[in-house]
2 protein chains.
Amino acid sequence: MTRVLVVDDDPYLLRALRINLTAHGYQVHTATDAAGGLATAGRQPPDLAIVDLGLPDLDGIAVVEGLRGWSRVPIIVLSARDAEAAKVAALDAGADDYVTKPFGMDELLARVRAALRRAAPTPDAPVISTAAFTVDLAAKRVTGPDGEIRLTPTEWHLLEILARHPDKLVAQRQLLREVWGPQYQTETNYLRVHLANLRRKLEPDPARPRYLITEPGLGYRFVP
Amino acid sequence: MTRVLVVDDDPYLLRALRINLTAHGYQVHTATDAAGGLATAGRQPPDLAIVDLGLPDLDGIAVVEGLRGWSRVPIIVLSARDAEAAKVAALDAGADDYVTKPFGMDELLARVRAALRRAAPTPDAPVISTAAFTVDLAAKRVTGPDGEIRLTPTEWHLLEILARHPDKLVAQRQLLREVWGPQYQTETNYLRVHLANLRRKLEPDPARPRYLITEPGLGYRFVP
DNA sequence: ACCGATCTTGACGCGTTCTTCGCGGCCGTA
DNA sequence: TACGGCCGCGAAGAACGCGTCAAGATCGGT
């Protein structure tokens with residue numbers, strides 16, 4: 001079962017979080033201060049941590065730092081509206097997301113799901129092979145028949161997304177959003193240029209692509 | 001250098017410990033409460049921890065538990081004569097040794113040596129070799145054809161991270177975060193400078209690196 | 001307070017990479 | 001057949017990233 005650690009000093013909020021998270025199938029551990037939170041995390045490493053920045057020892061950031069020292073567990077930070085500086089510090093320290101109080105329970109649950117989803121795709125086969133080349137996602141390396149193939153950052157980023165969803169159609173918007181950001185979602189010509197460069201480096205016959213397939217008007221597909 | 005973390009709320013004792021330990025060649029980090037201690041341990045994992053059970057948040061045991069969650073670092077607990085129960089609890093939680101206050105500094109130092117000696121046999125395969133040099137991760141030493149190569153702390157830290165992931169591409173952000181901290185994630189020029197220095201010390205032809213490879217825009221790769 | 005080692009910071013040249021644009025081809029539709 | 005949408009292609013200038021050097025700034029030890 002997914003284990004969630006909640007560190008908060010407000011007993012009412014703690015109770016509300018416990019009830020809601022439990023109701024959604026999470027196993028909840030709680031602590032009311034930084035020391036207790038870190039100790040609990042040590043005893044029972046959680047799959048996700050929710051940390052209030054306004055702890056009695058004024059040091060929710062210590063929890064983030066303490067966790068980040070040994071764990072990549074997703075951390076969601078709770079903060080009051082005016083604690084901007086602390087929030088930024090917490091994110092710098094390695095927190096993954098933040099929720100400003102007061103917040104709706106549905107929003108928090110959504111962020112919990114998002115954080116877990118983001119963290120989930122870790123343990124996978126990080127090597128995808130085709131007849132023409134091999135993609136090693138962990139080492140960020142592409143090997144062709146003549147040895148290593150050097151990709152530019154953008155090319156690698158595109159290939160990585162496509163390779164993580166083999167045989168699946170990836171929408172143009174999604175590619176543009178993940179590589180260039182939300183405000184570039186219509187610049188489809190970027191995709192054309194960089195896909196062409198990728199094909200030139202990877203495809204045996206770049207003019208007639210076999211692995212990086214265009215689905216006109218929709219997106220692209222990686223077929224191993 | 002051997003790193004010792006001391007968690008104690010008594011400033012006099014803290015000072016005495018720092019002076020004595022430093023004098024005996026240990027690198028000392030200190031904290032005055034459980035949260036700070038765990039956070040410090042996360043930032044700079046110690047080789048040994050000395051923890052006073054009588055902390056202001058009454059929870060030295062939390063430090064022991066928090067450390068034991070992710071580390072096998074030897075832990076020596078300090079306790080007042082009458083705190084038998086807490087002492088037992090600390091040992092149950094995973095502490096390695098205890099010293100009853102008041103104690104002689106020589107005794108403590110002896111126990112420190114003993115604890116480190118006991119922990120020493122931690123032999124996995126912490127040695128990575130190339131044709132040009134050898135990296136001993138445990139001993140924190142680099143040996144070249146002409147004997148030992150002296151590295152600065154930053155250089156060693158960088159090389160250590162790269163050597164722990166041979167053949168893997170390590171992202172710039174990750175290097176910056178692990179060596180300098182989360183708020184330096186964009187200072188890529190640090191990497192350029194220190195990598196250049198590393199190459200000057202390690203590479204046969206620093207202008208054409210063979211072991212410390214740059215992947216432009218992405219990060220660096222150590223190829224043994 | 002001084003000194004050496006180390007780290008930070010800024011500047012420069014150079015090669016690479018990205019962006020941007022125009023052109024031509026393919027295809028479905030009017 | 002004409003037309004518009006979409007794609008592949010090539011090329012040019014701009015922007016970026018890297019390596020390098022050298023000058024402060026910082027730190028620890030004497």
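Note that the structure is a prediction, hence the values are computed from the model and not measured.
- With B:I149 as reference, B:L202 is the one residue of B:T143, B:T134, B:L202 to meet the side chain to side chain contact (heavy atoms under 4.5 Å, CB included) rule.
- Enclosure of atom CZ in A:R177 by more than 12 non-hydrogen atoms of other residues, nucleotides or ligands within 6.0 angstrom is indicated.
- Rounded to the nearest 0.5 angstrom, A:L162 CG and A:E160 CD are separated by 10.5 Å.
- Under the 30°/60° scheme for interplanar angles, the aromatic rings of A:Y211 and A:F133 are found to stand perpendicular.
- Contact between the side-chain N/O atoms of B:W180 and the OP1/OP2 oxygens of C:dT8 is found at a separation under 4.0 Å.
- Looking at residues 140-159 of chain A, you'll see A:R150, A:T152, A:P153, A:T154 sit with a heavy atom under 4.0 Å from some atom of DNA chain C.
- An OP1 or OP2 oxygen of C:dT17 is reached within less than 4.0 angstrom by no side-chain nitrogen or oxygen of A:H194.
- OP1 or OP2 of C:dT20 has at least one side-chain nitrogen or oxygen of A:Y190 nearer than 4.0 Å.
- Straight-line distance from the CD atom of B:E187 to the C1' atom of C:dC7: 13 Å, rounded to whole Å.
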Legend entry - Contact state string [nucleotides 5-21 of chain D, B base, S sugar-phosphate only, - no protein heavy atom under 4.0 Å]: -SBBSS------SBBSS
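- The closest side-chain donor-acceptor pair between A:R192 and A:N189, if any, does not fall under 3.5 angstrom.
- For the pair B:L108/B:L78, a side-chain contact is recorded, criterion being any heavy-atom separation below 4.5 Å from C-beta on.
- Atom CZ of A:R210 has 12 or fewer heavy atoms from other residues, nucleotides or ligands within 6.0 Å.
- Note that CZ of B:R18 is 10.0 Å distant from CD of B:Q27, once rounded to the nearest 0.5 Å.
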